[in-house]
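A short write-up of the structure that comes next.
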Amino acid sequence: MKPPSRPGTVLLTDYAWPDDSVERSVIEKAGHTLVTGPAEPSSAEAIEELVAEHRPSGILTCWAPVSGTAIGTSPDLRVVARLGVGLDNIAVDAATERGVWVTNVPDYCVEEVSDHAVGMVLAWTRGLAVFDREVRAGRWDPASARLRRLSALTCGIVGFGRIGRATARRLNAFGCRVLAHDPHPPRDVLGVEMTGLEDLLRRSDVVILHLPLTPATHHVIGSEQLALMRPGGLLVNVSRGGLVDTDAVIKALDTGHLDGAAFDVLETEPDVPAGLSAQPGTLLTPHVAFSSDASVIELRRRAAEEVVRILAGETPAHACNTPRDLPAGPGDPR
């Protein structure tokens, strides 16, 4: 364990909540200084300029890109902490090479994201969003209902980590047949049939994505995969927009092969493709599946505590890399 470093600067690149009070409380209580960037995520170049200006010992980032250049700009940098789970906005390899920890908070929103996914499935089976729009527009037409019995459907979960397993438990409670696919399948999962991706797509009425975005999972659902799905099915994505080829989804909705697409994330967010928003079978939410009064506070506190822990010379609770040749921090006598 390293000896603690002297007080340093922590840069909060961006944030998806009203203020920085939780992060500031944790960071300043530990004797460090918090510098806060704009709430909206800036470009990689803007973040690089912030890092060059403030030379932080720690970086807290929500959605802003933290590039290899940014990581290499501050000689005192010890940690890049993600305010979230996915790491696709952080140059993890560059951090590893420079001896910088990368951390996340992998389990803060398991229940919320799972609830959101299942809520989207229920909205589709029961026509909730469609009929709400119809009634508000002055159309009261119960005879137009083409609704589904959820317990009669097969639901496939792609990605069977913490959130995927939570979603399976919820779907099991509704009486669905549940399939799951994961590169590292667990053993003896009660009420879930583990299978290959193609088999899952062919047999599922509903496909739910619970995957990280990596080079291997980019556009894991494209035109070929959509063609395998049962006609009239639903695709749910509450993970990362880049998992899905949006143009292929729009075409599948246009032809009627796909009846619905429920997305909390988009590859182009915050921009919504017109061809997607115009589809009557889409349900779109603005990347909020992670959010609740409890989860957001927990996320902010735990991410900031991870930065404090590392700057104090301690081992992180949720390391996402193994840095090479960890550098001596300010005040570290090595």
Side-chain angles (χ1 to χ4, degrees), residues 113-114 116-127 146-161 163-265 267 276 279-283:
V113 176
S114 178
H116 206 87
V118 175
M120 285 176 150
V121 175
L122 288 169
W124 177 69
T125 59
R126 305 310 306 153
R146 300 291 184 271
L147 304 179
R148 299 161 181 84
R149 176 178 288 181
L150 181 52
S151 63
L153 302 182
T154 298
C155 296
I157 301 171
V158 184
F160 207 61
I163 300 173
R165 292 193 293 270
T167 297
R169 290 194 298 270
R170 286 157 171 75
L171 293 173
N172 277 330
F174 284 101
C176 307
R177 172 178 292 174
V178 180
L179 311 178
H181 169 73
D182 194 274
H184 307 287
R187 297 179 181 176
D188 302 324
V189 182
L190 185 64
V192 178
E193 179 185 345
M194 302 301 299
T195 187
L197 178 58
E198 290 190 2
D199 183 62
L200 180 149
L201 294 171
R202 288 191 178 97
R203 296 168 58 194
S204 297
D205 302 289
V206 175
V207 173
I208 303 171
L209 304 182
H210 286 310
L211 290 168
L213 178 59
T214 68
T217 61
H218 180 257
H219 285 189
V220 67
I221 300 297
S223 57
E224 293 182 9
Q225 291 75 29
L226 292 168
L228 294 175
M229 289 180 61
R230 288 180 174 178
L234 170 71
L235 176 66
V236 178
N237 187 9
V238 290
S239 296
R240 284 291 186 270
L243 298 174
V244 173
D245 182 341
T246 305
D247 290 338
V249 169
I250 292 171
K251 291 177 183 177
L253 289 166
D254 275 337
T255 63
H257 180 72
L258 199 62
D259 183 74
F263 292 166
D264 181 59
V265 289
E267 193 166 22
L276 189 66
Q279 293 285 344
T282 56
L283 177 62

Looking only at non-hydrogen atoms, find the nearest pair between [X] and [Y] and report the distance.
X: Arg149; Y: Leu153; result: O-CG, 3.5 Å
X: Gly127; Y: Leu147; result: N-CD2, 3.7 Å
X: Val178; Y: Ala168; result: CG1-CB, 4.1 Å
X: Thr217; Y: Thr214; result: OG1-N, 2.8 Å
X: Pro186; Y: Met194; result: CD-CE, 3.9 Å
X: Gly232; Y: Trp124; result: O-CZ2, 3.4 Å

Side-chain contact test, heavy atoms from C-beta onward, threshold under 4.5 Å: evaluate it for [X] versus [Y] and give yes or no.
X: Ile157; Y: Leu171; result: yes
X: Gln279; Y: Asp254; result: yes
X: His210; Y: Phe160; result: no
X: Val121; Y: Phe174; result: no
X: Val220; Y: Gln225; result: no

Just verifying a value: how many Å separate [X] [atom1] and [Y] [atom2], rounded to the nearest 0.5 Å?
X: Leu234; Y: Thr282; atom1: CG; atom2: OG1; answer: 11.0 Å
X: Arg177; Y: Glu193; atom1: CZ; atom2: CD; answer: 7.5 Å
X: Leu197; Y: Asp182; atom1: CG; atom2: CG; answer: 11.0 Å
X: His116; Y: Ile163; atom1: NE2; atom2: CD1; answer: 12.0 Å
X: His218; Y: Leu213; atom1: NE2; atom2: CG; answer: 6.5 Å
X: Glu224; Y: Glu198; atom1: CD; atom2: CD; answer: 8.5 Å

(request) Go through the steps to decide whether Asn172 and Val192 satisfy the test side chain to side chain contact (heavy atoms under 4.5 Å, CB included), and finish with yes or no. (result) CA-CA 8 Å; Asn172 277 330; Val192 178; 4.1 Å; yes
Check: [X] side chain, [Y] main-chain N or O, donor-acceptor pair, under 3.5 Å:
X: Ser223; Y: Ala248; result: no
X: Arg202; Y: Leu228; result: no
X: His257; Y: Met229; result: yes

(message) One thing to verify: whether Arg148 and Asp259 come together as a salt bridge, which I'm taking to mean a side-chain N less than 4.0 angstrom from a carboxylate O.
(response)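 Looking at Arg148 together with Asp259, the answer is yes, because their closest N to O distance falls below 4.0 Å.
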(request) Ignoring hydrogens and angles, state whether a donor on the side chain of Ser204 or Thr154 is under 3.5 Å from an acceptor on the partner side chain. (result)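 No, Thr154 and Ser204 have no side-chain donor paired with an acceptor closer than 3.5 Å.
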(request) Among Ile208, Leu211, Ile221, find the one that has a side-chain contact (heavy atoms from CB on, under 4.5 Å) with Val158. (result)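 That would be Leu211; it is the only one of Ile208, Leu211, Ile221 passing the side-chain contact (heavy atoms from CB on, under 4.5 Å) with Val158.
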(request) Scan residues 226-239 for pairs that pass side chain to side chain donor-acceptor pair (under 3.5 Å), counting only residues two or more places apart or in two chains. (result)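 Passing the test, one end in residues 226-239: Asp205-Arg230.
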